[in-house]
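Position 1 is the first residue of the sequence, and the numbers go up from there.
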Amino acid sequence: MSSLRIRPAALLALFVLLFSARSGEAAITASSPGWRKFTIPATGSYLWRYLPASFDRDHPAPAILFFHGAGGQPEGYKPFIIPAAEAARAVVILPKSERNIGWESAVDDQTVAESLRLVGEEIQLDPHRIAVAGHSAGGAYAILLAYTKVLGFSAVFSLSSPSRVVASVADPLWKAPIRMYYGTTDPNYTGGSYAALKAQWQALAIPWEEEIREGFGHSTWPDTTLPDGFRFLVGERYPDEPPPPPPPPACVPSTSRACLRNGRYSVETTWKKGNGESGPGLLAGPTSATSSLFSLILPDNWAVLVKVQDGCTANGKMWVYGAVTSDLEAEITVRDEIAGTEKRYRKPPGAAPFGLRDRLAFPCP
């Protein structure tokens, strides 16, 4: 199965731009509610588009791509689509697969892209609310499009789908929520596909919901199933843009400053001789996530160890531990760069051992 590399949002924007550039033509043309058939010359296929009576030409509409089952045709689903599309106030696009045995070919991928292009030239579609749905093999194809490719689909609705393996979600930005329908006499329900898909969504942390109906089979469902599924689809929205990157560490490291715990805490040291001469301590080696080691006066005089420990579960505070092994007077400064607070710890001159154990140093983040 080949990979589409353009998200629907980008695809629609591109073709609307090209279409609007034609001299003397409007980018979006008004169409009458109901069914319209489009041929797809690029793949030799076709699609049916349903426009609900509620369509507002002045506002982008949510769209649902619905894929028929193996051996089926779009025409067989049209009677079920009408009440569901009207209930959800959504444009519905029913493409025809390349082969009668199902979907998942490279030509099918191209048919999907062309279907969005053709309908997007005709009417305004909301690029953030383009969802995929399907029955049986069409439901499996919807699953693969939504999770194994980066296409920007907002949600998935599968009816009686066989299982498909999704090892990981390809889109780093969005895990499309999915709704699954099964009748209890459907072989895909009793044979393990439902259980496998349910376990898969749980393992991948994909939001999911289900409708399980007693006594219904593979190609039967209550009158409320499609309207409820379509309303679920239009209720989801693909994000506008990637979330902002994490802020850079507040602490800026240097030869005399260590940055601990992802840069939140800075540590600096100073030394002072009896004659008044003083200077900064220098980092004496690699800094770990929580600890730093400093030298005093000479680079090989490793004399100060400082550690910022997470004690939040113990007493709700961040702890500062440390030790100084030098006769010099020394001072340790630990600063919470985000909160703007700091603690100073002074070791007086002399050979007496100096150990630092402040278990009330800072509030927990």
Side-chain angles (χ1 to χ4, degrees), residues 168-169 171-175 202-207 239-365:
S168 62
V169 178
D171 193 335
L173 182 59
W174 183 240
K175 292 183 177 181
Q202 292 172 330
L204 294 172
I206 291 173
D240 292 300
E241 57 187 22
C251 173
V252 179
S254 69
T255 58
S256 60
R257 182 185 300 116
C259 297
L260 306 182
R261 308 201 73 88
N262 295 317
R264 173 148 191 164
Y265 301 94
S266 66
V267 180
E268 295 179 277
T269 59
T270 59
W271 53 266
K272 186 176 182 180
K273 292 183 177 180
N275 60 7
E277 183 183 356
S278 63
L282 301 177
L283 285 174
T287 298
S288 74
T290 60
S291 306
S292 57
L293 189 63
F294 294 85
S295 63
L296 301 180
I297 303 180
L298 299 175
D300 59 352
N301 181 22
W302 298 3
V304 182
L305 171 67
V306 182
K307 180 176 184 178
V308 179
Q309 179 71 30
D310 185 345
C312 296
T313 58
N315 70 339
K317 298 291 184 180
M318 298 298 294
W319 305 344
V320 175
Y321 288 177
V324 179
T325 59
S326 171
D327 292 350
L328 295 170
E329 179 181 345
E331 186 173 78
I332 299 168
T333 301
V334 182
R335 179 177 177 83
D336 183 335
E337 296 287 350
I338 294 178
T341 57
E342 68 179 29
K343 299 292 290 287
R344 294 176 179 266
Y345 308 96
R346 176 180 174 272
K347 174 205 169 289
F354 178 83
L356 169 60
R357 190 170 183 264
D358 184 356
R359 300 185 62 175
L360 301 171
F362 297 101
C364 289

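- V306 and V304 make their closest contact through CG2-CG1, 3.9 Å (heavy atoms, listed as atom of the first residue, atom of the second, distance).
- Residues W319 and V308 fail the side-chain proximity criterion, which asks for heavy atoms closer than 4.5 Å.
- Interatomic distance, T269 OG1 to L282 CG, rounded to the nearest 0.5 Å: 7.5 Å.
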Donor-acceptor contacts, no H, no angles, side chain residues 286-293, under 3.5 Å, sequence neighbours left out:
| unit_1 | atom_1 | unit_2 | atom_2 | d |
| --- | --- | --- | --- | --- |
| S288 | OG | T290 | N | 3.3 |
| S288 | OG | S291 | N | 2.9 |
| S288 | OG | S291 | O | 3.4 |

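- Looking at R261 and D310, their side chains come closer than 4.5 Å, going by heavy atoms from C-beta outward.
- Side-chain contact check for V267 versus F294: some heavy-atom pair is nearer than 4.5 Å.
- Remark: the backbone N or O of S326 is paired with a side-chain donor or acceptor of K347 at under 3.5 angstrom.
- The shortest distance between side-chain heavy atoms of Y345 and V324 does not fall below 4.5 Å.
- Using a 4.5 Å cut-off on side-chain heavy atoms (C-beta onward), I297 and K273 make contact.
- For CH2 of W174, the number of neighbouring non-hydrogen atoms (other residues, nucleotides, ligands) closer than 6.0 Å is greater than 12.
- Ion pairing of R346 with E331 is absent here, as no side-chain N (NZ or NE/NH1/NH2) approaches a carboxylate O to less than 4.0 Å.
- In this structure, the side chains of F362 and V320 come closer than 4.5 Å at one or more pairs of heavy atoms.
- Nearest approach of K175 to A205, heavy atoms of both residues: CD-O, 3.6 Å.
- In this structure, OG in S254 is found 6.0 Å from CD in E268, a value given to the nearest 0.5 Å.
- Summarising the geometry of P299 relative to S295, their closest heavy-atom pair is O-CB, 3.4 Å, with the distance given to 0.1 Å.
- In this structure the side chain of K272 never reaches within 4.5 angstrom of the side chain of P349, judged on heavy atoms.
- Closest non-hydrogen pair, E337 versus S266, comes out as OE2-OG, 2.7 Å.
- With a 4.5 Å cut-off on side-chain heavy atoms, R257 and C251 count as touching.
- Annotation: the span from L328 atom CG to N301 atom CG amounts to 7.5 Å, rounded to 0.5 Å.
- Counting only N and O atoms by type, the side chains of T333 and E342 include no donor and acceptor under 3.5 Å apart.
- Smallest separation of non-hydrogen atoms from G281 and S256: O-CB, 3.3 Å.
- To the nearest 0.5 Å, the span separating OG1 on T270 from CD on E329 amounts to 7.5 Å.
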